[in-house]
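Contents: one structure, followed by commentary.
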Amino acid sequence: MIEKTYQPADIEGRIAQAWEAEGAFKAGRPERRDAPPFSIVIPPPNVTGSLHMGHALNNTLQDILCRFERMRGRDVLWQPGTDHAGIATQMVVERQLMERQEPSRRDMGREKFLERVWQWKAESGGVIVNQLKRLGASCDWSRERFTMDEGLSRAVVKVFVELHRQGLIYKDKRLVNWDPKLLTAISDLEVQQVEVKGNLWHLRYPLDGVDFNPDDPETFIVVATTRPETMLGDTAVAVNPDDVRYSHVVGRHVILPLVGRKIPIIADLYSDPEKGSGAVKITPAHDFNDFEVGRRHNLPQINVLDIEGRIDLVDNEAYLHGLPEGAAQFAEELHGLERFAARKSILARLEELGYLEKIEPNVHMVPHGDRSGVVIEPYLTDQWYVDAKTLAQPAIAAVRSGATTFVPKNWEKTYFEWMDNIQPWCISRQLWWGHQIPAWYGPDGKVFVAESEEEAVGNALGYYVEQEVITPAQAHAMTQDASLREGFITRDEDVLDTWFSSALWPFSTLGWPDDDTDVKRYYPTNVLVTGFDIIFFWVARMMMMGLHFMDDVPFPTVYIHALVRDEKGAKMSKSKGNVIDPLHLIDDYGADALRFTLAAMAAQGRDIKLASSRVEGYRNFATKLWNSSRFAEMNACALPEDFDPTAAKQTLNRWIAHETVRAVRDVTEAIEAYRFNDAAGAAYRFVWNVYCDWYLELAKPVLLGEDSPAKAETRAMVAWARDEILKLLHPFMPFITEELWAVTAERDTLLTLTPWSRKAEARVEVFDAPALTDPMVPPVMLPAPQVADFSDPAAEAEIGWVVDLVTAIRSVRAEMNITPSTLTPLVLAGASAETRDRAQRWSDVVKRMARLGEISFADSAPQGAVQLLVRGEVAALPLKGVIDVAAEQARLDKELAKAEADIKRVDAKLSNEKFVANAPEEIVEEEKEKREAAVARKAKILEALERLKNAE
RNA sequence: GGGCGCGUAGCUCAGCGGGAGAGCACCUCGUUGACAUCGAGGGGGUCACAGGUUCGAUCCCUGUCGCGCCCA
């Protein structure tokens with residue numbers, strides 16, 4: 001029995017358990033061993049994260065595809081899991097330690113701290129996974145993976161070692177985005193540019209060989225800078241080669257104020273004549289652009305900050321090199337000053353000595369760490385890098401050749417732009433939580449990279465024996481006893497960027513490198529579903545690693561979906577400025593309503609601004625579906641064995657079969673094309689505006705009438721169409737459809753494993769060695785194909801007439817303010833034989849739905865009647881005395897004007913020679929038909945007006 | 001400064017070469033036996049603006065204005 005009211009909260013948990021108990025979402029179910037696989041890897045959410053609207057959308061769309069393909073008979077693997085989120089997780093645990101007033105990370109040491117992280121992960125790391133389950137995500141949860149798992153860690157080590165061996169991973173001294181609070185390098189993508197009101201300080205750098213005089217511009221050159229404190233590390237002044245103001249000084253030198261270093265004036269295009277003074281100081285160790293300029297001109301790199309962003313000059317060889325007497329004292333005075341304090345101090349000194357020309361307010365972008373919130377320091381350090389440029393080449397080629405395509409296609413441009421300008425990928429992080437880099441150093445700093453410590457130590461000891469640094473006996477002892485080699489051979493302390501492991505996700509989760517059974521079956525995956533902000537994070541890196549290690553793209557299709565405006569609120573709701581929490585929406589309206597809303601709004605290429613009223617609207621849709629199933633149940637509608645909808649006798653039943661087949665086709669094709677909003681829209685309209693509004697209403701007289709073959713057939717058809725609807729909606733609304741599936745009949749299987757109906761026009765082919773990368777391989781478990789091709793234009797014409805007639809009468813009744821209790825007679829004037837037949841067949845229904853009394857026929861409409869045009873014929877409501885003649889006249893006049901306007905417009909077109917000559921034939925034909933129809937309409941309206949006049 | 005995208009009904013959004021649609025809101029009517037989380041009917045839009053291409057432009061092109069995002 002179906003419950004009286006639809007209560008999503010009551011069914012969702014129970015249904016989820018049913019799926020779980022059946023193992024419905026497990027990949028490799030025995031009966032699908034020979035089915036073509038369909039696989040998706042989830043873009044692994046951050047283990048510290050919780051479900052936001054973006055996740056809800058992303059996973060709803062993946063789930064629609066997975067459920068759809070599962071119902072089409074494929075062996076679906078939706079691979080779930082989370083990533084270990086190095087910085088974020090480490091920060092969460094550190095905060096926890098602080099709150100509990102426990103020893104800090106550094107106090108407890110690395111090993112103890114990592115234990116605590118794992119403990120945290122065990123206790124709180126699964127939050128988002130459970131939230132995804134509430135959403136209904138049909139992942140194979142038994143295969144859940146974590147980037148720090150043993151298996152995935154082995155993949156990481158193997159990839160690192162192999163890339164290192166191939167020269168694609170190397171150690172280099174370059175500028176990185178340094179977080180002086182977290183004390184680690186971070187990626188470009190973790191840096192946020194924030195607009196800051198600062199200043200542009202104009203500094204006078206005295207020219208070498210002349211006496212500096214602040215009042216004589218001939219004795220100095222002015223440079224403008226936003227970061228005066230970095231002047232300590234300046235190694236040149238650059239001017240634009242085309243800037244005539246400075247051409248005479250190129251090649252000369254300046255003496256760096258305060259410091260006393262003699263540095264050259266160079267010509268470089270980087271210097272923009274329009275900006276500041278046109279001359280710019282070059283600090284290769286503290287600015288990314290300057291770093292490049294420095295490389296072009298072989299400038300020294302002088303780092304003047306320590307890891308915490310404090311001035312670091314004492315014992316700084318690079319800085320002190322070549323400085324005059326007294327430099328050491330100046331160095332001591334500034335040493336240890338925090339960078340912003342140093343700025344003040346340096347500016348004060350410059351001003352005092354006449355080196356500060358002016359201060360100009362300046363708004364500019366300053367990089368901030370998205371986790372720490374502090375200003376990021378471009379910082380010169382030794383880090384590990386991936387040669388991304390080399391790895392990117394095949395990844396670029398794969399998209400150019402179409403081996404991987406983006407949907408929508410315009411995102412390929414973004415992809416290319418990034419890939420073409422890709423920089424070396426800094427993969428080391430100065431953190432503890434993550435994959436520790438498999439590199440060991442000897443006493444001279446020589447690096448040994450290997451998959452295991454034993455191997456690395458063996459290689460190292462062998463090398464140092466050969467170099468006669470140690471004796472073979474010492475080496476042997478060190479091999480045996482790790483404590484003996486302490487301080488001699490040490491492991492790199494750093495860990496790898498989280499994205500390094502995420503890049504391997506499409507194959508590491510399948511068991512690589514330990515077992516390639518699943519790799520063979522499920523790689524490449526069929527599609528990656530993600531937001532565009534993630535193209536750089538995941539798509540590019542997965543492409544590079546997949547192509548390099550699997551020799552194939554990780555996915556032939558990348559579906560990029562819209563962004564749901566998030567917690568910043570600016571876009572969410574103008575009035576409230578609040579986030580909409582998907583879990584609250586699930587509480588309020590059910591997961592199905594939320595999912596359907598997201599799907600319905602997921603039009604390609606547009607952001608989603610979600611209004612909860614939309615969710616409410618789709619919850620009402622779910623209720624509608626629920627109640628229509630109740631109606632079917634109350635009328636004992638059940639599907640008999642071997643029911644063949646195409647063999648139905650009743651026109652109404654043939655009509656709904658026809659409409660159902662069409663809906664199945666529309667929905668199927670839309671999902672195939674990733675047009676989720678069209679799919680949802682087609683299903684919605686069919687269920688509500690076709691099945692509920694008309695089919696069930698038109699079927700009521702039969703269902704409420706006496707038993708007959710027609711009634712039996714109708715009961716069967718109501719049930720058949722309902723089942724088709726449940727299947728059609730299941731990918732979108734899995735919970736309610738599964739529940740209704742269970743309570744409306746005895747079922748062999750869960751709905752989620754029930755075959756999808758075959759769409760019309762699909763090629764009926766036996767599954768035969770398809771390309772496994774084709775996401776739209778025909779399914780193997782196909783039901784009766786004859787249904788797919790069914791179509792009945794005659795039934796469509798007849799029911800269409802009924803619908804039009806009822807609608808027209810209702811409309812005019814409302815317009816004339818005729819109360820529902822007034823039953824009006826209907827006269828069909830000059831009706832064709834076909835119309836007479838139809839009218840007789842549908843008399844009961846039309847009477848009931850249009851609130852009619854008797855239906856009769858006449859040659860022409862009675863005098864003083866309201867006359868309606870239904871499919872070219874006149875339907876008259878004799879309402880003498882009831883209607884307002886003047887109002888009816890006005891109504892007809894309006895219609896007449898409309899018809900005349902139509903004729904005029906079409907005539908304008910048809911009389912245009914160019915239109916007739918240039919427009920496609922079918923368009924011209926269409927216009928002619930439109931004209932004929934309008935002319936006929938006009939004639940009928942004129943007749944009607946005439947009769948109205950006579951009535952007066 | 002460069003790139004991408006968006007300005008369509010009061011609100012949130014579809015459509016995108018041949019006289020514009022949905023959900024919500026609004027107005028009128030409805031206690032008929034699936035459903036008031038409902039039913040019937042209705043009002044409401046020079047599709048930002050200006051040019052151009054075209055037989056024809058909300059849709060394609062150019063520019064302007066407004067807004068958003070990404071990258072410098």
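Note that this is a predicted model, so its numbers are computed, not measured. Reminder, nothing fancy here: chain letters follow the sequence lines and each chain counts from 1. Hydrogens, waters and symmetry mates are skipped; everything else that's a heavy atom, side chains included, is used.
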Please determine, for the side chain of A:Met601, which listed nucleotide (B:G18, B:C55, B:U12) has the closest atom? B:U12
Taking the nucleotide of RNA chain B with the nearest heavy atom to each, does A:Ala600 or A:Tyr618 sit closer to the 5' end? A:Ala600
Just by protein heavy atoms under 4.0 Å, how would nucleotides 56-62 of chain B read 5' to 3' in B, S and -? -------
In whole angstrom, give me the gap between the C1' atoms of B:A25 and B:G33. 31 Å
Would you please say whether a donor-acceptor pair under 3.5 Å links the side chains of A:Tyr695 and A:Asn653? yes
Provide, to the nearest angstrom, the distance between the NZ atom belonging to A:Lys930 and the C1' atom belonging to B:G18. 6 Å
Which part of the nucleic acid, if any, lies within reach of A:Glu927 when heavy atoms closer than 4.0 Å are counted: base, sugar-phosphate only, or nothing? sugar-phosphate
Atom CH2 of A:Trp411 and atom P of B:C4: how far apart are they, to the nearest Å? 11 Å
In whole Å, what is the span from the OH atom of A:Tyr684 to the C1' atom of B:G21? 13 Å
C1' atom, B:G18 versus B:A9: distance in rounded Å? 23 Å
Would you kindly check if the NZ (Lys) or CZ (Arg) of A:Arg541 is within the cone defined by 45 degrees around the ring axis of A:Trp425 and under 6.0 Å from the six-membered ring centre? yes
Measuring only the C1' atom in each nucleotide, how far is B:G23 from B:G15? A whole number of Å is fine. 15 Å
Can you see whether A:Phe631 has A:Lys700 sitting over its ring - NZ or CZ less than 6.0 Å from the centre and within 45° of the normal? yes
Say you pick atom C1' in B:A14 and the same atom in B:U54; how far apart are they, in whole Å? 26 Å
Please classify the nucleic acid contact of A:Asn677 as base, sugar-phosphate, or nothing, using heavy-atom distances under 4.0 Å. sugar-phosphate
Distance check, C1' atoms only: B:C4 and B:U28, in whole angstrom units. 47 Å
Indicate the ring-plane relationship of A:Phe676 and A:Tyr559, choosing parallel, tilted or perpendicular according to the 30° and 60° boundaries. perpendicular
Hey, does the side chain of A:Glu12 reach the backbone of A:Ala591 with a donor-acceptor pair shorter than 3.5 angstrom? yes
Separation of atom CD in A:Glu412 from atom C1' in B:C4, rounded to whole Å: 15 Å
Which whole number of Å gives the distance between the C1' atom of B:G44 and that of B:C11? 13 Å
Both distances under 3.5 Å, Watson-Crick or G-U wobble: on that basis, could you give the dot-bracket string for RNA chain B, with [ ] for crossing pairs and | for other-strand partners? ((((((((.[[[[.)..(..]]]].(((((.......))))).....[[[[[..)....]]]]]))))))).
Give me the distance, rounded to whole Å, that separates B:A22 from B:G43 when you measure between the P atoms they each carry. 12 Å
The contact string for nucleotides 31-41 of chain B, one letter per nucleotide 5' to 3', using protein heavy atoms under 4.0 Å with B, S and - for base, sugar-phosphate only and none, comes out as --BBB-BSSSS
Under 3.5 Å, which donor-acceptor pairs do the side chains of residues 846-855 of chain A form with other protein atoms, sequence neighbours left out?
from: A:Arg848; atom 1: NH2; to: A:Glu697; atom 2: OE1; distance (Å): 3.3
from: A:Arg851; atom 1: NE; to: A:Pro820; atom 2: O; distance (Å): 2.9
from: A:Arg851; atom 1: NH2; to: A:Pro820; atom 2: O; distance (Å): 3.2

Salt bridge present between A:Asp588 and A:Arg619 (N-O < 4.0 angstrom): no
Please give the distance between the C1' atoms of B:G17 and B:G56 as a whole number of Å. 8 Å
Residue list, ring pair (Phe, Tyr, Trp, His ring centres under 6.0 Å) with A:Tyr618, at least two apart or on another chain: A:Phe596, A:Tyr684
Taking only side-chain nitrogens and oxygens of A:Lys413, does any of them come within less than 4.0 Å of OP1 or OP2 of B:G3? no
Side chains of A:Lys281 and A:Thr283: do they bring a donor and an acceptor to under 3.5 Å? yes
Hey, what are the protein-to-nucleotides 70-72 of chain B N/O distances that come in under 3.5 Å?
none

Would you indicate whether A:Glu292, at its atom CD, is surrounded by more than 12 heavy atoms from other residues, nucleotides or ligands within a distance under 6.0 Å? yes
Here's one to test your reading of the geometry: is the NZ or CZ of A:Arg400 within 45 degrees of the ring axis of A:Phe416 and under 6.0 Å from its centre? yes
